[in-house]
Amino acid sequence: MVPQARDSDILILGAGGAGLFAALHAHKAAPELGITVAVKGLLGKCGCTRMVQGGYNVALAAEDSVERHFMDTIEGGKWLPDQELAWKLVTLAIERIHELENELGCFFDRNPDGTIHQKAFAGQSFDRTVHKGDLTGIEIMNRLAEQVWARRIQRLEEHRAVELIKTADGDAIAGVLFIDMRTGDYLFVRARAVLLATGGGPTMYRYHTPSGDKTCDGLAMALRVGLALRDMEMVQFHPTGLLAGAHTRMTGTVLEEGLRGAGGFLLGGNKERFMPAYDAKAERATRDVVSRAMFTEMRKGNTTPHGGLYISMGHLGPERVRREFKGMVERCADCGFDLAGGLVEVVPTAHYMMGGVEFAADCTTVLPGLFVAGEDSGGVHGANRLGGNGVANSTVFGAVAGDSMARFIKKEKFREPDRRAIDAAIARCERPLSAPSGDLEALRERLYDTMWERVGILREAGGLSQALAELDALDAELARTGVIDTTRAFNLSWHDWLNLQSLVAVSRAITQAAAARQESRGAHYRGDFPHTGALETSAYTSIRADGTVTMKPVAFTRVRPGQTLLKHAA
Ligand SMILES: Cc1cc2nc3c(=O)[nH]c(=O)nc-3n(C[C@H](O)[C@H](O)[C@H](O)COP(=O)(O)OP(=O)(O)OC[C@H]3O[C@@H](n4cnc5c(N)ncnc54)[C@H](O)[C@@H]3O)c2cc1C
């Protein structure tokens, strides 16, 4: 099958905060360039940047400092973040928030004196989270999308990237192969620079928060093209996902952290509090501690009718709860729960992947011409992401990538793709259209069970090796399984098959990295290795498609464990 073809100087995969910022910055740097944003959904309407509720961390206040934001990020990440990436994050977040307000038109909440309001978020030593009520992501995405629409930037909507294609000698990237989801046709876009910004997304877990368009396609493509992923064992779980039964997509969606912050109680199926037995801060302990305690209670069988736990707010006064958590009260009511006065069933839910493609502070990767930004990248957050550092990450590094790509292509020509790689990718994608049809839903359920039970909040060697065997079996079974409907246009079963293939490949990387880290750190907890290793010799995992995991030492380029950049504390 011969794909259609076109050229674009710069090709951006993904239209979240990272992808759109990259497009705007590249266009500003060189308006004459042909820039294309390709996205699995509709531009501005998909991905997780739109779902940001809490807000954006940035050191704006006079009493705060980039050093303080940096130290919170490094300590929160348990000394695993790449310090140059973290430094870039905290320093450039200030520029980005001013750009969002003053150039792109975002309105953020303000104090009576006109300064930007910044609220408290867990794990931070200062109230530095900029927000627009609890709909910050919608404000950011709407303004970014408008600005992209207003410029000469090409859009390929409902185009799914399926393979990164190198040159025949493998020295650089030549372009990307897509499926046009509206027709089912293949399209090859040749590009001088490509940005991977498809947003990761741990949707291989039974309960998860990210949008359904995110199925780790970018990470799976990166593995296949030979890149290494770092910190893949680090998957963050949010303690309070709504649990409303299997019939609704609302299950897994987040009930915000502020509920516990305000004094909400978590109760077992026996309707008694259990958190005080696990941590002195009880429900206000960090996300990883609370999620672990909840999972332990669930394993003991102390569960609600749907197999989770309860959150209870009524003791704070139903009126106060209705006033302070209007959105959450309404979300719960939609699912038949009374948050203000009754009990709501909750479960820990997979929220964010700290791991991703290894990259440098200018967003380059080891493959010339390929750049990465946002949740597809690894190394900014280490073992834990602070709430509010996710959207800062995608916008900061999206902008850096746009600037870098515009600079890079000044001396770069279009390169010829490896035709055999295109043919092989098409053959892989075509497989389910000719294989005997099977039950994809059953395969998905097995993936959910495996990742949730064995590679989730609590891990140990035996479970991880069982998971690996099960993932190998799932991969083989998926390869033999076809889809019933073989029409090409908007064939959601076909795309489901491709989603599952990406998820299984990346699940394997998570499992192998989790097996290699024989200690407990941040989001990664090993029941058989419960202690944090020595911080001085911290190392991160780097994994390749063949499953080889290398432990690489973290370079403490700015501060060493036990030290601080804060003058008053030194
Ligand atoms: C419910 C929720 C609440 C959150 N709240 C906060 C918060 O308060 N503060 C914070 O800092 N962070 C928060 N986060 C995290 C934050 O949303 C992400 O870290 C960040 O927005 C990711 O940006 P991104 O551009 O990398 O990816 P996304 O915004 O997710 O965009 C990814 C894009 O890639 C596209 N894509 C995927 N696969 C393909 C493919 N194969 N081909 C083409 N396109 C593809 C998608 O359609 C999408 O357009 C939250 C996340 C969730 C899920």
Side-chain angles (χ1 to χ4, degrees), residues 11-23 36-58 89 93 119 121-122 129-132 134-138 140-141 144-145 155-164 176-181 189 195-203 208-221 236 238 241-242 252-258 349-354 356 372-377 380-381 385-398 401 495 498-499 501-502:
L11 173 62
I12 294 167
L13 307 183
L20 296 189
F21 248 103
T36 304
V37 178
V39 49
K40 209 171 174 183
L42 297 176
L43 192 143
K45 303 289 181 205
C46 55
C48 288
T49 307
R50 203 179 166 78
M51 299 166 85
V52 166
Q53 302 168 349
Y56 188 124
N57 291 342
V58 52
L89 172 79
K119 67 180 178 187
F121 243 33
T129 308
V130 172
H131 63 110
K132 161 108 179 174
D134 58 4
L135 298 176
T136 313
I138 292 180
I140 291 175
M141 281 305 289
L144 283 174
R155 303 197 302 268
L156 285 174
E157 294 176 296
E158 295 177 318
H159 276 66
R160 174 195 191 115
V162 288
E163 207 74 284
L164 304 172
V176 178
L177 183 71
F178 292 91
I179 296 173
D180 176 347
M181 298 164 77
V189 180
L195 175 65
L196 194 62
T198 66
T203 51
H208 57 254
T209 66
S211 53
D213 50 324
K214 299 221 298 189
T215 52
C216 295
D217 296 340
L219 299 179
M221 289 190 288
Q236 183 171 69
H238 194 295
L242 188 59
T253 57
V254 168
L255 293 183
E256 71 152 285
E257 199 135 293
T349 178
H351 190 44
Y352 188 91
M353 294 168 78
M354 276 69 79
V372 66
E375 214 176 315
D376 269 348
S377 69
V380 179
H381 311 291
R385 172 188 67 99
L386 299 182
N389 267 1
V391 63
N393 175 35
S394 59
T395 54
V396 161
F397 287 101
H495 289 284
L498 293 165
N499 289 342
Q501 200 180 43
S502 297

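Fair warning: this is a prediction, and the values are worked out from it, not measured in the lab. Numbering of residues begins at 1 and proceeds along the displayed sequence. Remember, it's 1-based here, ligands and their atoms both numbered in the order they're listed.
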Open item on the list: Considering both backbone and side-chain atoms of G19, is one of its nitrogen or oxygen atoms within less than 3.5 Å of a nitrogen or oxygen in ligand 1?
Closed with: no
Task: Distance-only N or O hit between ligand 1 and D376, under 3.5 Å - done: no
Open item on the list: Which residue and atom name correspond to the protein heavy atom nearest atom 49 (O) of ligand 1, and how close is it?
Closed with: A15 N, 3.1 Å
Task: G388 neighbourhood, listing ligand 1 atoms whose heavy-atom distance to it stays under 4.0 Å - done: 9 (N), 10 (C), 11 (O)
Task: Residue, atom name and distance, where the atom is the protein heavy atom closest to atom 41 (N) of ligand 1 - done: D217 OD2, 2.8 Å
Open item on the list: If you apply the rule side-chain contact (heavy atoms from CB on, under 4.5 Å), what do you find for F178 with L11, and how did you get there?
Closed with: CA-CA 12 Å; F178 292 91; L11 173 62; 4.0 Å; yes
Task: Nearest non-hydrogen protein atom, atom 19 (O) of ligand 1 - done: Y352 CE1, 3.0 Å
Open item on the list: Is the shortest side-chain heavy-atom distance between K40 and N499 below 4.5 Å?
Closed with: yes
- [ ] Please state whether H131 comes within less than 4.0 angstrom of ligand 1, counting heavy atoms only.
- [x] no
Open item on the list: Heavy-atom contact check, 4.0 Å cutoff: does R50 meet ligand 1?
Closed with: no
Task: Donor + acceptor pair across side chains of T209, H351 (<3.5 Å) - done: yes
TODO: Would you please determine whether M221 falls within less than 4.0 Å of ligand 1 on a heavy-atom basis?
DONE: no
Task: contact_flag D213 ligand 1 heavy-atom lt 4.0 Å - done: yes
Task: Option nearest atom 12 (N) of ligand 1 (shortest heavy-atom distance, choices M353, R385, E163, E375) - done: R385
TODO: With heavy atoms of V39 as the reference, note each atom of ligand 1 found under 4.0 Å away.
DONE: 43 (C), 44 (N), 47 (O), 49 (O)
- [ ] Would you mind checking which non-hydrogen protein atom is closest to atom 28 (P) of ligand 1, with the distance to 0.1 Å?
- [x] C48 N, 3.5 Å
Open item on the list: Only heavy atoms of G390, strictly under 4.0 Å: list the atoms of ligand 1 that pass.
Closed with: 10 (C), 11 (O), 12 (N), 19 (O)
Task: Part of A197 with heavy atoms under 4.0 Å of ligand 1, whether side chain, backbone, both or neither - done: backbone
Task: Region of S394 engaging ligand 1 - heavy atom pairs below 4.0 Å - done: side chain
Task: Protein heavy atom at shortest distance from atom 8 (O) of ligand 1 - done: G54 N, 2.9 Å
Task: Atoms in ligand 1 with a heavy atom of G14 nearer than 4.0 Å - done: 33 (C), 34 (O), 35 (C), 44 (N)
- [ ] Look at atom 51 (C) of ligand 1 and find which of K45, M51, H351 reaches it with the closest heavy atom.
- [x] H351
- [ ] State whether the shortest distance between N or O atoms of V391 and N or O atoms of ligand 1 falls below 3.5 angstrom.
- [x] yes
TODO: Under 4.0 Å from a heavy atom of N389: give me the atoms of ligand 1 that qualify, with their elements.
DONE: 11 (O)
TODO: Please examine the side chains of V176 and H159, heavy atoms only from C-beta on, and report whether any two atoms are closer than 4.5 Å.
DONE: no
Open item on the list: Checking a contact table here: which protein heavy atom is nearest atom 23 (O) of ligand 1, and how many Å away?
Closed with: T49 OG1, 3.1 Å
TODO: Can you figure out which of C46, P202, A22, A161 has its heavy atom closest to atom 40 (C) of ligand 1?
DONE: A161
Task: Identity and separation of the nearest protein heavy atom to atom 45 (C) of ligand 1 - done: K40 CB, 3.6 Å
Task: Residue selection (non-hydrogen contact nearest atom 36 (N) of ligand 1) among N499, L219, T198 - done: T198
- [ ] Can you pull out the closest protein heavy atom to atom 25 (O) of ligand 1? Residue, atom name and distance to 0.1 Å, please.
- [x] A18 N, 3.0 Å
Open item on the list: So V396 and V380, do their side chains get closer than 4.5 Å, heavy atoms only?
Closed with: no
Open item on the list: Quick check on contacts: which atoms of ligand 1 are under 4.0 angstrom from a heavy atom of Q53?
Closed with: 5 (N), 8 (O)
- [ ] From atom 16 (C) of ligand 1, work out which of V52, T129, L498 has a heavy atom at the shortest distance.
- [x] V52
